[in-house]
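Sequence lines set the chain letters: A, B, ... in the order given, protein chains first and strands last, and positions in each chain run from 1.
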There are 2 protein chains.
Amino acid sequence: MAKNQSTEDYLKGIYKLQHNGKGVATSELAKHLKIGDGSVTGMIKKLAAKRLVHHTPYKGVSLTASGKRLAVQMIRRHRLWEMFLVKFLGYRWDEIHDEAERLEHVTSQEMERRLDKALGYPKVDPHGDPIPTMNGEFDGTAYSPLSEFEVGDRVKIIRVDDDQGVLQLAATLGLGLNKNLTVKEKMKFDGSMIVKVGPKEQFISQRIAKSIFVRVV
Amino acid sequence: MAKNQSTEDYLKGIYKLQHNGKGVATSELAKHLKIGDGSVTGMIKKLAAKRLVHHTPYKGVSLTASGKRLAVQMIRRHRLWEMFLVKFLGYRWDEIHDEAERLEHVTSQEMERRLDKALGYPKVDPHGDPIPTMNGEFDGTAYSPLSEFEVGDRVKIIRVDDDQGVLQLAATLGLGLNKNLTVKEKMKFDGSMIVKVGPKEQFISQRIAKSIFVRVV
DNA sequence: AGTTGATTTTAGGTGCACCTAAATTTAGGT
DNA sequence: ACCTAAATTTAGGTGCACCTAAAATCAACT
């Protein structure tokens, strides 16, 4: 894999996984990137040498300021391309992730600027994910995963994680952006749910419920 | 450099250089790709093993049918992206080559199809180069390099080679697409020219004259 | 035909991102 | 505290595209 390509994927991965607290376990990152644990350690060392991450052996990695700047830039480019794919090329929102993944790595600063302009400076991508500004700031609109809500809550879908098979699944279940739904049942033992979307009820596993982000309505 | 990336660049290079007759010398290809002669030989062997080129040692390389198909596909993608960069992002025609070069290597068949449609099925790119169809056929509009014309000929610029520094130079000299010009002088010894473009006369070296394609008007 | 000079291929080596398997460190239960 | 299981790092190795320098081949001129 090309030099920049890998660096960018690692940084983006670390950024994504560290949303909660601080360090990310190498094994966690390895699983995310679908790469062997040992390979990750090696790459982490190179990134640390370039001052893009902090590495405490056996403890985990976290992004430095410049690492974070790069990570957010990649996320911005990814989401701008997703917007392009939907608005200009007519893709569906569950088809765009992989295409955008490849495009984001061949995007110059100039192109990013022009793409943003051509799209009318969008604030969110087709999944509802906020698009950070050139300076790396996010619009702080609050939302939480569906999994944190309880029976009786009525919520609106704000964004859907563009990872793995979640999108295709969500699409087939009729769980689109801006759809309203009500939590009907929530299983104690595994966190899965039954929700009402429009006229019909739908079973949702915990994994999916953690990838669907909503706001009370 | 990534695996596909290289393969695609080699095939495109061979295609470009073999426009006249048959085989391309490895050294010629090496110069074009800015890569050492020895490296090219090695890569050629791999391409030959995949049946993308024919290689006669010490004689040269030429594309097989499937090699040519791939080469033309890359050219098509390159030119579609150039069109996108100009029409959607507002780039100037002399800024787009390198950006398109990177985009063409991350283009899926589906994306190529949709891009073509979104652009309104264009026949030529912003340099006037014909865009081949999905099946690899070219529209056979005839044009020749400016260098083949003589004093007194009045011609229109149909396309400009998107290579090296030619574009920037052409742009600064006021030699744009669809501009008309008249050949005023042609030097016997080195083939350079003086042409009249609009109100003023312009000196053009032979190298540039070989990269500007025109049709009599 | 033989030598010479240019072109081309071979040989050996680099850096990179990845892998597998073995060694090391850490953390949890008794 | 100790021992064990899991997580992590190290060690050694692969494939790839590239490089440089030496060897082989071709072509052209006497």
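Counting to the nearest Å, the P atom of C/dT8 and the CG atom of B/Leu29 are 11 Å from each other. As rounded to whole Å, 12 Å separates atom C1' of D/dA7 from atom CD of A/Glu28. Atom NZ in A/Lys31 sits roughly 12 Å away from atom C1' in D/dA7 (whole-Å rounding).
Judged as a ring pair (Phe, Tyr, Trp, His ring centres under 6.0 Å), and not counting sequence neighbours, A/Tyr10 has no contacts. Legend: residues meeting salt bridge (charged side-chain N to carboxylate O under 4.0 Å, His left out) with B/Glu99, ordered by chain and number and at least two apart, are B/Arg102. Taking A/Pro122 as the reference, A/Leu80, A/Met83, A/Asp116, A/Leu119, A/Ile131 meet the side-chain contact (heavy atoms from CB on, under 4.5 Å) condition, with sequence neighbours excluded. Annotation: ring pair (Phe, Tyr, Trp, His ring centres under 6.0 Å) contacts of A/Tyr91 (sequence neighbours excluded): none. A/Lys31 pairs by the side-chain contact (heavy atoms from CB on, under 4.5 Å) definition with nothing, not counting sequence neighbours. Considering only residues two or more places apart in sequence or on other chains, A/Arg113 meets the salt bridge (charged side-chain N to carboxylate O under 4.0 Å, His left out) condition with A/Glu110.
Contact check on A/Glu112 versus A/Lys117 returns no salt bridge, with no Lys/Arg side-chain nitrogen under 4.0 Å from an Asp/Glu carboxylate oxygen.
In this structure, B/Thr41 reaches the bases: a heavy-atom distance under 4.0 Å links it to at least one base atom across the strands shown.
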Could I get a table of every N or O pair under 3.5 Å where one atom is in the protein and the other is in nucleotides 24-27 of chain D?
{"residue": "D/dT25", "atom": "O4'", "partner": "B/Tyr58", "partner atom": "OH", "Å": "3.3"}
{"residue": "D/dA27", "atom": "OP1", "partner": "B/Lys59", "partner atom": "NZ", "Å": "3.2"}

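Base pairing annotation: C/dA1 forms a Watson-Crick or G-U wobble pair with D/dT30, both donor-acceptor distances under 3.5 Å.
Taking only side-chain nitrogens and oxygens, A/Ser27 never comes nearer than 4.0 Å to OP1 or OP2 of D/dA6.
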Checklist outcome for this item: With B for base contact, S for sugar-phosphate-only contact and - for none (protein heavy atoms under 4.0 Å), nucleotides 11-19 of chain C reads ------SSB

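Applying the ring pair (Phe, Tyr, Trp, His ring centres under 6.0 Å) test to pairs two or more places apart or on separate chains, those with a residue in residues 47-79 of chain B are B/His78-B/His97.
Taking only side-chain atoms of B/His55, from C-beta outward, the nucleotide of C/dT9, C/dT8, C/dT10 with the closest atom is C/dT9.
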